[in-house]
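This is a predicted model, so every value here is computed, not measured. So you know, we letter chains A, B, ... as the sequences are listed, proteins then strands, and number each from 1.
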Amino acid sequence: DAGVIQSPRHEVTEMGQEVTLRCKPISGHNSLFWYRQTMMRGLELLIYFNNNVPIDDSGMPEDRFSAKMPNASFSTLKIQPSEPRDSAVYFCASSSYYGYTFGSGTRLTVV
Amino acid sequence: AQSVSQHNHHVILSEAASLELGCNYSYGGTVNLFWYVQYPGQHLQLLLKYFSGDPLVKGIKGFEAEFIKSKFSFNLRKPSVQWSDTAEYFCAVNVRNSGGYQKVTFGIGTKLQVIP
């Protein structure tokens with residue numbers, strides 16, 4: 001199994017631009033999670049899906065953030081417009097009952 | 001809602017010293033407990049987990065953790081650390097919420113620095 005696959009690994013963009021982060025979960029895992037990690041706030045849960053349905057998006061910072069999971073093998077996290085304070089590492093994770101598997105993350109830098 | 005507390009945010013040890021990282025959770029029901037490790041520049045990886053049975057759990061790389069239900073604790077230990085153990089360690093709790101969905105809550109993390 002290739003694990004959880006995220007793309008891109010690194011993204012540098014200008015303030016105001018739209019950013020789309022992508023995630024392919026492990027086949028058979030029915031839950032998918034998006035996290036943001038920064039030095040100041042640590043690991044924050046943004047949103048999670050169960051069977052492709054968003055269950056809890058209370059961690060999404062504001063309306064500029066949106067996430068979709070159109071099918072069991074793909075999810076996107078979009079930021080529009082991006083701001084410098086969005087700079088962070090964004091992790092996707094999928095889970096079975098036995099725990100999470102994390103992707104390698106996308107390091108986003110908004111300048 | 002459940003929460004996870006990690007008491008030490010930054011720990012510095014010399015090689016061969018013993019390690020214990022504290023983790024307490026707040027949830028009255030049945031929980032599954034995890035420790036994850038994040039090496040510099042990498043993603044989180046599962047170190048060990050507790051579901052049921054023997055409360056002393058052994059994981060990879062010589063790590064172990066003990067679940068003490070009465071103290072709501074799941075402390076991570078290693079008898080002798082190595083420089084390669086330098087990483088950030090996250091305690092996590094998995095509960096089934098009222099909607100029947102699994103949700104994992106992570107602690108804030110403990111940065112371990114091992115000095116050669």
State yes or no: do L45(A) and V89(A) share one hydrophobic cluster built from I, L, V, M, F, W and Y residues joined by side-chain heavy-atom distances below 4.5 Å, directly or via other members?
yes
So do Q45(B) and F102(A) actually touch side chain to side chain, heavy atoms under 4.5 Å?
no
Does anything in residues 39-76 of chain B pair up under disulfide bond (SG atoms under 2.5 Å apart), and if so which pairs, sequence neighbours excluded?
none
Measure the OH-NE2 distance between Y35(A) and H43(B) for me, rounded to the nearest 0.5 Å.
14.5 Å
Hey, is CZ on R64(A) packed in by over 12 heavy atoms from elsewhere, all under 6.0 Å?
yes
Check the pair F106(B), E44(A) against side chain to side chain contact (heavy atoms under 4.5 Å, CB included), reporting the backbone distance first and the verdict last.
CA-CA 8 Å; F106(B) 286 85; E44(A) 303 173 278; over 6 Å; no
Hydrophobic cluster (4.5 angstrom, side-chain heavy atoms) - remaining members for F65(A):
M15(A), V19(A), L21(A), L32(A), W34(A), L46(A), I47(A), F49(A), M60(A), M69(A), L77(A), I79(A), Y90(A), L108(A), V110(A)
Portion of Q37(A) that has a non-hydrogen atom of chain B nearer than 4.5 angstrom
side chain
Counting only heavy atoms not in D63(A), do more than 12 fall under 6.0 Å of its CG?
no
Taking the side chain as every heavy atom from C-beta outward, state whether L44(B) and L43(A) have any atom pair closer than 4.5 Å.
yes
